[in-house]
Amino acid sequence: MQSVVFILVFASVLLSFVGLYLLWTNRRTVSKDFVLERMVPRETGDALASEQRTARLRNAGWVETVCAPFIRLDLLAPLLSSIGIPCSAATFLWIVLLSGGLPFALCLAASGSLSVGFIAASIGLSVPFAYLTYRRKRTERKLVEQFPDALEFTVRALRAGQSLDKALQGLASNLTEPMSGQIRFIYDEMSLGLPFAEAFRRFESRFPKVAEVKIFCTALIVHRETGGNLVRILEVLSDNIRQRMRLDSQIKATTAEVRITGIILGLLPFALLGVFYLLNPEYIRVLFIHPVGRKLLLSAAGLELIGFSVMRAMTRVEM
C-alpha cells in the first residue's frame, strides 16, 4: 500500500510540473491561436466546423481525447479566452487533473482510506470549474458596468466626426479590461478580414447571458445594414443600461437581509460542529468513525446544499 501511495504522490507532483510548464508556455500564444481559429466565417456551414473539430480531436493529446466525451472542448477554449485566462483548453484540463489527483494522493497517504481520497479528489476537481464560473461571472459583471461609459465614449466620438471604426479603436485604447480587450479582439478580427456583422455576432456568442451585449451588437449590426441615427440609439441604450443597473442595486439592497439570514442559517451547523468538537471531541468523533455517523454527515451535507440552492433561488431575481 505504501508503494502505491508513493507512486500516486510522485505522479501528482510530476503532473503539477507539467501543468505549470504548459501554463507558462501557452500564456502568450493561446490568444493568437484562438483568433486564427475563428477566422472561418459561419457562412461556410456546419460541415466545415464539424470537420475542423474532428481534425482537432484527432490531433489532440490523450488528455483532450479522454475528456472530450465529458467536456465541450470547442466551447472551453472560447470561454477561457473571453474571460482572460491565459491558457489553452489542454492546459486547463491538465490543471483539472492535477487538482483532483494531488488531493487524492495526499489524503490517501494521510488516511489510508480510498473513500476519503475520492471525496478529496471530487472537491479538487470542482475547484477549477468553480474558479472558471467565478471568473466568467466577474467578467460579465465588469463588462456590464463598463457599458454605459463605453457607449458615452462612442457617442462623443461620433459627434466629433469620427467613424465607428475609429470610435471602436479609441474604446480599445482608453478603456480598461475586460471591455478594452473585447473591443480590441473585435477590431483585430475585422483587420484580418472578418465582416463587421460576423465579428459582433461572435462577440455576442462569447457572452450569451449578457443582455447588454446582445442589444449593443444588434444595434450596431442593424445600423450598418439599414442606417439610422446611431448616436440616438446608443444614448437610449446607455440610459437603459444605467436604469437596469440601478434597479439591480435596489433589488440587492432589498434582499440583503434575507440573503444574510440564509448565509447565517447555512453556516450555523458547521459552527456548532466546530464548537462541540472543541468542547467534547469524543462526542463529535463518533460521527466520523461510526458508519451511521458518516451517513448522517453525508445526509446533512446534502441537505445543506439543497438549502443553499433553495435560498439562493428565492432571493435571486432575473432581469
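If you read the sequence from its start, that first residue is 1, and numbering goes on from there.
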For [X] against [Y], the heavy-atom pair lying closest together:
| X | Y | result |
| --- | --- | --- |
| Ala219 | Ile233 | CB-CG2, 3.8 Å |
| Ala167 | Thr154 | CB-CG2, 4.1 Å |
| Val96 | Pro128 | CG2-CB, 3.8 Å |
| Pro208 | Ser205 | CD-O, 3.4 Å |
| Val292 | His290 | N-ND1, 3.1 Å |
| Val144 | Met245 | O-SD, 3.8 Å |

Are the ring centres of Tyr134 and Phe129 closer than 6.0 Å?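 Tyr134 vs Phe129: aromatic centres not under 6.0 Å.
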Give a yes or no on whether a salt bridge exists between [X] and [Y], defined as a side-chain N under 4.0 angstrom from a carboxylate O.
| X | Y | result |
| --- | --- | --- |
| Glu152 | Arg242 | yes |
| Glu177 | Arg184 | yes |
| Glu235 | Arg232 | yes |
| Asp239 | Arg244 | no |

Taking a hydrophobic cluster as the set of Ile, Leu, Val, Met, Phe, Trp and Tyr residues connected by side-chain heavy atoms closer than 4.5 Å, whether directly or through intermediates, do [X] and [Y] fall within one such cluster?
| X | Y | answer |
| --- | --- | --- |
| Leu93 | Leu132 | yes |
| Leu164 | Ile221 | yes |
| Val236 | Val231 | no |
| Ile183 | Ile215 | yes |

Look at the aromatic rings of Phe196 and Phe200 and report parallel, tilted or perpendicular, splitting at 30° and 60°. tilted
Classify the ring geometry of Phe207 against Phe203: parallel below 30°, tilted from 30° to 60°, perpendicular beyond 60°.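 Judged by the thresholds at 30° and 60°, the geometry between Phe207 and Phe203 is perpendicular.
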To the nearest 0.5 Å, tell me how far [X] [atom1] sits from [Y] [atom2].
| X | Y | atom1 | atom2 | result |
| --- | --- | --- | --- | --- |
| Lys209 | Arg136 | NZ | CZ | 4.5 Å |
| Phe118 | Ile123 | CZ | CD1 | 14.0 Å |
| Ile186 | Ser191 | CD1 | OG | 11.5 Å |
| Arg159 | Leu234 | CZ | CG | 10.0 Å |
| Ser299 | Glu304 | OG | CD | 12.0 Å |
| Asp149 | Leu175 | CG | CG | 7.5 Å |

Flag the pair [X] / [Y] as yes when at least one side-chain heavy-atom distance between them is below 4.5 Å, and no otherwise.
| X | Y | result |
| --- | --- | --- |
| Met179 | Leu171 | no |
| Asn174 | Phe153 | yes |
| Met190 | Leu168 | yes |
| Val222 | Glu225 | no |
| Arg138 | Arg135 | yes |

Keeping the roles fixed (side chain from [X], backbone from [Y]), state whether a donor-acceptor pair exists under 3.5 Å.
| X | Y | result |
| --- | --- | --- |
| Gln146 | Thr176 | yes |
| Thr218 | Lys214 | yes |
| Ser99 | Gly124 | yes |

With Lys142 via salt bridge (charged side-chain N to carboxylate O under 4.0 Å, His left out) - residues at least two apart: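 None.
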Check the side chains of Arg206 and Gln182 for a donor-acceptor pair under 3.5 angstrom, ignoring hydrogens and angles. yes
Sequence neighbours excluded, every pair satisfying ring-ring contact (aromatic ring centres under 6.0 Å, His included) that has a member inside residues 213-244: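 Non-adjacent pairs meeting ring-ring contact (aromatic ring centres under 6.0 Å, His included): Phe147-Phe216.
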Check residues 264-287 and write down every donor-acceptor pair under 3.5 Å in which the side-chain atom is one partner and the other belongs to a residue at least two apart or another chain.
{"from": "Glu282", "atom 1": "OE1", "to": "Arg285", "atom 2": "NH1", "distance (Å)": "3.2"}
{"from": "Glu282", "atom 1": "OE2", "to": "Arg285", "atom 2": "NH1", "distance (Å)": "2.5"}

